[in-house]
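Before any comments, here is the structure.
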There are 2 protein chains.
Amino acid sequence: MNLASSEVERRIVRFKRAAREAGVKLTHQRLEIFREVAARADHPSAEAVLTALKPQMPTLSLDTVYRTLWLLHDLGLVSTLGPKRESVRFDANPEPHHHYICVSCGLARDFESTEFNSLNIPKAVNGFGSVDTTHVEVRGICLKCQEKGSKKP
Amino acid sequence: MNLASSEVERRIVRFKRAAREAGVKLTHQRLEIFREVAARADHPSAEAVLTALKPQMPTLSLDTVYRTLWLLHDLGLVSTLGPKRESVRFDANPEPHHHYICVSCGLARDFESTEFNSLNIPKAVNGFGSVDTTHVEVRGICLKCQEKGSKKP
DNA sequence: TTAGGTGCAAATTCTTTGCACCCTG
DNA sequence: CAGGGTGCAAAGAATTTGCACCTAA
């Protein structure tokens, strides 16, 4: 399932502008990698992007795909699904709960909310499949990281 | 920040019962690994669990920690933070949005909800740090996996 | 006793890095 | 033309697996 090409073009325009403003070069590889991620609704991995582009760009390499995707991430043009480059972490809380995650140090804390436990799932979601759990993830900068950040002159 | 020991004991009782019912052995390693995860509010990685237990159990190995944590996961006693053992996936949707994730095949789809975009963050969260983004993740089994599942006789 | 569990080491998988050549600005 | 960017190969990190010995039930 892919996006409307008008939407993809809009995202590409945005990318070109951001690249220019950030002073990074607009290479063929970067454009195609961004186009691929922007056109797909399935949030591909680096490997999946490479596989999709390989036919048209046989010399494209996985490391370039990674470097480009993280660059796009730094430019604020793409985000990652779930927390980033981290190892798996385990949670033994058996109660329904939600998470606060510090985007700087990865700190995780549980919190409860009856409101969050009974959210109204949009009907569009039923078109995707069954709904088992609903979990809210709040991201921000934890107190400790805020201190550290402000100390650096 | 650790949990009240009464809560930890409750979780351990639960674990012992689940282990018995599932017919898996209750080894010293499993008990200590579960106790460690159950007692901590910070959702440790396998590596972190090993580091914490090494002093008391010098021969404990990382692979046992992994095997035990996934066993606990299969028993429904622990969950993972973010999607599990998967590679990073990238998302080029610049609008505020939420995700539907199939727990079986990993399918991801975006959906929008103005309600979810303006959730009432519990005040307890402010004690953790700043709030930048709030994102809802709905997990279930996608239509395709439901078909596949029902086909298998 | 005995099947399942553990520890060790080696294998995999995913991701990053060093370096020489290439291409955008 | 100059400096960032790419491709290749090799390094690293995270996680899993094969196998012989050990131990809970």
Side-chain angles (χ1 to χ4, degrees), chain A residues 12 15-37 43-51 53-75 77-78 80-90 106, chain B residues 12 15-37 43-51 53-75 77-78 80-90 106:
Chain A
I12 288 177
F15 164 49
K16 290 183 176 172
R17 176 160 31 85
R20 207 178 318 115
E21 284 173 5
V24 303
K25 290 182 182 171
L26 200 52
T27 63
H28 181 216
Q29 288 88 334
R30 287 178 177 174
L31 189 55
E32 292 309 309
I33 291 168
F34 179 74
R35 188 197 306 280
E36 182 65 25
V37 180
H43 305 320
S45 63
E47 191 80 46
V49 171
L50 180 69
T51 303
L53 295 177
K54 202 79 183 179
Q56 308 119 62
M57 307 175 68
T59 70
L60 182 64
S61 59
L62 188 56
D63 59 293
T64 296
V65 176
Y66 272 111
R67 278 188 281 225
T68 300
L69 289 171
W70 288 122
L71 170 75
L72 294 168
H73 183 260
D74 292 345
L75 294 178
L77 295 164
V78 309
T80 56
L81 225 52
K84 45 178 180 261
R85 28 184 168 186
E86 250 197 355
S87 45
V88 194
R89 292 166 62 178
F90 299 86
Chain B
I12 288 177
F15 164 48
K16 290 184 176 171
R17 175 161 31 84
R20 208 178 317 116
E21 284 171 5
V24 304
K25 291 183 181 169
L26 199 55
T27 64
H28 182 215
Q29 288 87 335
R30 287 177 177 175
L31 189 56
E32 291 308 311
I33 290 167
F34 179 73
R35 188 198 305 280
E36 183 66 24
V37 180
H43 306 320
S45 63
E47 190 81 46
V49 170
L50 180 70
T51 303
L53 294 177
K54 202 78 182 179
Q56 308 118 65
M57 308 175 67
T59 70
L60 182 65
S61 59
L62 188 56
D63 59 291
T64 296
V65 177
Y66 273 111
R67 280 188 279 225
T68 300
L69 290 171
W70 289 122
L71 170 76
L72 295 169
H73 183 261
D74 292 345
L75 293 179
L77 295 164
V78 309
T80 56
L81 225 53
K84 43 176 177 266
R85 27 183 169 188
E86 250 198 353
S87 45
V88 194
R89 293 166 62 179
F90 298 85

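All chains are named by letter (A, B, ...) in the order of the sequence lines, taking the proteins before the strands, and each is independently numbered beginning at 1. Because the structure is a prediction, the values reported are computed rather than measured.
When the P atom of dT12(C) is taken as reference, atom CD of E47(A) falls 16 Å away, rounded to whole Å. Across the protein-nucleic acid pair, L69(B) atom CG and dT16(D) atom P stand 10 Å apart, rounded to whole Å. Note: CG (L71(B)) to C1' (dT16(D)) measures 15 Å, nearest angstrom. The nearest whole Å value for the distance from the CZ atom in R89(B) to the C1' atom in dC14(C) is 15 Å. As rounded to whole Å, 12 Å separates atom P of dG5(D) from atom CG of L72(A). At whole-Å resolution of the value, CG in L31(B) and P in dT23(D) are 17 Å apart. Between the P atom of dT16(C) and the CG atom of D74(A) lies a distance of 11 Å, rounded to the nearest Å. Rounded to a whole Å, the NE2 atom of H73(A) is 11 Å from the P atom of dT16(C).
Sorted by first and then second residue, the salt bridge (Lys or Arg N to Asp or Glu O under 4.0 Å) pairs with a member in residues 17-36 of chain A read E9(A)-R35(A), E32(A)-R35(A), E36(A)-R40(A); sequence neighbours excluded.
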Could you encode protein contacts along nucleotides 20-25 of chain C as a string, one character per nucleotide from 5' to 3', using B for base contact, S for sugar-phosphate-only contact and - for no contact, with a heavy-atom cut-off of under 4.0 Å?
----BS

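Nearest heavy-atom pair across A19(B) and L26(B) is CB-CD1, 4.1 Å. P44(A) and V49(A) make their closest contact through CG-CG2, 3.8 Å (heavy atoms, listed as atom of the first residue, atom of the second, distance). In this structure, V88(A) and T80(B) approach most closely via the heavy-atom pair CG1-CG2, 3.8 Å.
Of the possible donor and acceptor atoms, none in the side chain of R89(B) sits under 3.5 Å from a partner among the backbone N and O of L81(A).
For the ring-ring contact (aromatic ring centres under 6.0 Å, His included) test, residues two or more places apart in sequence or in another chain that qualify with F15(B) are F34(B). Scored by the side-chain contact (heavy atoms from CB on, under 4.5 Å) test, A18(A) finds L77(A) as partners (sequence neighbours excluded).
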Under 3.5 Å, sequence neighbours excluded: what are the donor-acceptor pairs made by side chains of residues 56-64 of chain A?
residue: Q56(A); atom: NE2; partner: A52(A); partner atom: O; Å: 3.1
residue: S61(A); atom: OG; partner: D63(A); partner atom: OD1; Å: 2.9
residue: S61(A); atom: OG; partner: T64(A); partner atom: OG1; Å: 3.3
residue: D63(A); atom: OD2; partner: R67(A); partner atom: NH2; Å: 2.3

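Within the structure, every side-chain polar atom (N or O) of W70(B) is placed at least 4.0 Å from both OP1 and OP2 of dT15(D). Phosphate contact (OP1/OP2 of dA24(D), side-chain N/O of Q29(B), threshold under 4.0 Å): absent.
Interface residues of residues 55-68 of chain B facing DNA chain C, ordered by number: T59(B), L60(B), S61(B), D63(B), T64(B), R67(B); criterion, heavy-atom separation under 4.0 Å.
Around atom NZ of K16(A), no more than 12 heavy atoms belonging to other residues, nucleotides or ligands sit under 6.0 Å away.
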